[in-house]
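Only one structure is covered here, and it is reproduced in the block below.
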Amino acid sequence: MSDLLNSIKLPAEIANLNEKEKIELCCELRKRIIETVSENGGHLASNLGVIELTVAILSAFDPKKDSIIFDVGHQAYAYKILTGRNKKFSTLRTYKGISGFPSRDESICDPFTTGHSSTSISSALGISVANELKRDNAYTVAVIGDGSLTGGLAFEGLNNAGRLKKNFIVILNDNEMAISKNVGSLATYLGYFRTRPGYIKAKKSIETNMEKIPLVGKFTANLIRKVKDGIKEDIYSKNIFTDLGFEYYGPFDGHDVEKLTETLKNAKKIEKPILIHVRTVKGKGFEYAEKNPNIFHGIGRFDINSGEFKKSGDNFSSVFGKKLIDLADKNTEICAVTAAMCEGTGLVEFSQKHAKRFFDVGIAEEHAVTFSAGLASKGMIPFFAVYSTFLQRAYDNLIHDVALQNLKVVIGVDRAGLVGEDGKTHHGMFDAAYLKSVPGAAVYSPSYFDELEIAMERAAFEDKGLVAIRYPRGGEMYKPSYFKASREDYDTVGEGNIAIVTYGRIFSGCAKAMEALKSEGINVKIIKLNKITPIPSKAVDEALKAEKFLFIEEGTKNGSVAESFAMELISKGYGGKMHITAAEKGFVPHGSMQELLKELKMDEESIIETVKNL
């Protein structure tokens, strides 16, 4: 890394660089990001695609005054580096290091914490309106793209933002998503030309003076507008953005720093909401990421020279996908639904083998659930595979469109519980708590692959109404040789007057703790819930036999399964000691799985200590 990147102490210094220096800066940023992600993992292709755009934005705006919001946030690495976090960037996504997403807790240059898709325009609109109410002339910039515009919330924001008068800019980062057709070099040139100050000033002056001409002034001005609009429509074609009240400019080359900078500076002078359309290459500057942007979107550690990364064996997502193919082979009513996460949820092979029964609806979780309900109303059996953190968006749809009508929809709740380095915006800490509040819902939480397969079979052929199967990120953890999967709602392992109740992968740590405690003469039994909603009544009866009770749950404590289980114990007259280990605050920081389990006192050593304290 050369001295140029290290020499920049404040974002404002970027505007003083010449074109050659900005190009050099982009090269250094690219190198810094590739090196760091190769060691720490993270979002690579999406960040490499917006480096020139980020430099242009920081050349035109002041991030300490203006609000710059990156949608989803997995495009913000260069922005982090250039806004005071260069020295800390090596700690990206590590325990107590900087987050992989924008965070209000981390920097004043991050005006809004983002980690989920399609929120930028709505949040930016709120910030812009607040500025107007406070008579603050700061600019608000929303950078959206990388699939985010497929989310309905983005269009809700656009629909309202068209009413603003000024200082509101949306930058559409179009990285080969076919959002709009290529309108050619003439349109690109005119888009660039029409943002120049001379054009804007002349246009406004001519329109004003034409209207002052007696008798024919307004008629002639209107005629000129109609001719102009006709030409404009032929060249640009009318699009949804102009219909919603935006001034549309572009498309521009998203890797031309100087033209982008000038365009953004000129756009600041236009007193209307503006949408600037830029074309970028996802993975730009790193051959392996350019060729395989999906694979290098979110990635673990990899070798820079070969582009190879450590390939693990099966994980819960891949097992889910394979089992769903098996079920679909046997039953032609079974369908798969995903919200732009085909690879992440293990459905690639399904999409190829059962193409007519595979539906990718884009980043639209609410639609996915209601769409699935529609399928179910006609006798189909939809399996909607979705990350736990994104399912939160569809809570109303689960209640109103599925449960209320008692429709058979199966939700594969991927990435349930802790997800590690992606942190608080991506941990699946709330699904168990809110799903148990949905009337009639059945919720499974398998610990191992064979249990996941059993749960899927039961969901497909036995259960009625809404069924959720929650499973963690990654592969299996420790599995005792003496444990065998069952089709029961719960299993009991071991004997003792201390009962540990748990579910999901936390059973692994509990089993290790039980074995260690036994060697010290402390006997513990584990009540392992396979179905967590409704709580199996016989599991509660089994816990009543113990003198001491410990529930360990990889989720939020507030509204948890643990609290419901404890209440059922109390209602049956339980008088023994009890303790609940869960996420007290709900929001958990980023870090490795082992570091986070230890922080939450859910690792083997902490479980042993808690049992002894009981």
Side-chain angles (χ1 to χ4, degrees), residues 37-45 93 288-289 292 294-304 306-329 336 338 341-354 358 383 385-388 412-422 426-428 444-457 459 469-486 503-512 528 530 554 591-597 602-604:
V37 176
S38 73
E39 291 294 325
N40 298 7
H43 290 91
L44 183 63
R93 303 175 77 248
Y288 304 108
N292 298 288
N294 288 340
I295 293 175
F296 281 86
H297 173 72
I299 192 173
R301 298 179 66 180
F302 66 93
D303 183 272
I304 294 176
S306 67
E308 294 179 355
F309 50 93
K310 184 179 179 181
K311 295 181 180 179
S312 56
D314 277 333
N315 55 54
F316 279 93
S317 302
S318 65
V319 171
F320 176 89
K322 290 174 183 176
K323 183 62 178 179
L324 193 57
I325 290 173
D326 177 58
L327 294 174
D329 287 343
T338 183
M341 299 298 292
C342 181
E343 290 86 0
T345 56
L347 294 177
V348 172
E349 191 176 345
F350 187 103
S351 71
Q352 295 165 347
K353 189 166 185 181
H354 295 292
F358 171 76
F383 277 69
V386 58
Y387 289 8
S388 170
V413 188
D414 202 326
R415 269 65 165 179
L418 299 168
V419 297
E421 292 81 0
D422 280 341
H426 280 62
H427 292 310
Y444 294 91
S445 191
S447 305
Y448 303 109
F449 294 159
D450 49 3
E451 292 183 315
L452 171 59
E453 292 175 332
I454 290 170
M456 292 175 71
E457 289 173 359
I469 307 170
R470 61 188 311 278
Y471 44 93
R473 180 182 190 176
E476 294 177 312
M477 295 176 72
Y478 170 69
K479 186 176 185 179
S481 59
Y482 51 80
F483 178 78
K484 302 298 179 186
S486 76
Y503 61 86
R505 69 173 155 200
I506 296 299
F507 170 74
S508 297
C510 291
K512 280 187 174 182
K528 177 184 177 303
N530 301 323
E554 191 183 344
S592 71
M593 282 299 304
Q594 288 305 312
E595 288 167 331
L596 298 180
L597 287 172
M602 295 180 189
D603 62 318
E604 177 188 347

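Computed from heavy atoms alone, side chains included, the values below leave out hydrogens, waters and symmetry copies. Residues take their numbers from the sequence shown, with the count starting at 1. All values reported here derive from a predicted model rather than from experimental measurement.
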Residue pair A416 / R470: nearest heavy atoms and the distance that separates them: CB-NH2, 3.4 Å
Pairwise distance CZ(F309) to CG(D303) - rounded to 0.5 angstrom: 12.0 Å
Smallest separation among heavy atoms of F316 and G475, with atom names: CE1-O, 3.6 Å
H427 (side chain) donor-acceptor with V419 (main chain) under 3.5 angstrom: yes
Pairwise distance CZ(F350) to CG(D329) - rounded to 0.5 angstrom: 8.5 Å
Geometric class of the F507/Y448 ring pair [parallel <30°, tilted 30-60°, perpendicular >60°]: perpendicular
Taking every non-hydrogen atom, the tightest pair across G591 and L596: O-CD1, 3.6 Å
Backbone N/O of M477 and side chain of R505: donor-acceptor pair under 3.5 Å: no
Heavy-atom pair of closest approach, residues F320 and A385: CE2-CB, 3.8 Å
Atom of G428, atom of S388 and distance for their closest heavy-atom approach: CA-OG, 3.2 Å
Note, N40 side chain near E421 side chain (heavy atom, < 4.5 Å): no
E595 side, atom CD; L597 side, atom CG - distance, nearest 0.5 Å: 10.5 Å
For the student: nearest non-hydrogen atoms of C342 and F358, plus distance: SG-CZ, 3.7 Å
Heavy-atom donor-acceptor pair, S508 side chain to Y478 backbone, under 3.5 Å: yes
salt_bridge(R415, D422) N-O dist < 4.0 Å: no
Side-chain heavy-atom pair I454, P446 within 4.5 angstrom cut-off: no
Donor-acceptor contact below 3.5 Å, side chain R301 vs main chain G41: no
R473 vs N315 side-chain heavy atoms within contact, under 4.5 Å: no
Chi angles and distances behind the side chain to side chain donor-acceptor pair (under 3.5 Å) call for T345, D414: CA-CA 7 Å; T345 56; D414 202 326; 5.7 Å; no
Lys/Arg N to Asp/Glu carboxylate O, E451 vs K528, below 4.0 Å: yes
Residues K322, E453: salt bridge by 4.0 Å N-O rule: no
Between CD on residue E476 and CZ on residue F449, distance to nearest 0.5 Å: 4.5 Å
E554 side-chain N/O to I506 backbone N/O, donor-acceptor pair under 3.5 Å: no
Centroid separation F302 to Y288 less than 6.0 Å: no
Side chain to side chain, K323 and L452, heavy atoms closer than 4.5 Å: no
Inter-residue atom distance E604.CD - C510.SG, 0.5 Å rounding: 10.0 Å
Separation between CD of E457 and CG of L327, rounded to the nearest 0.5 Å: 6.5 Å
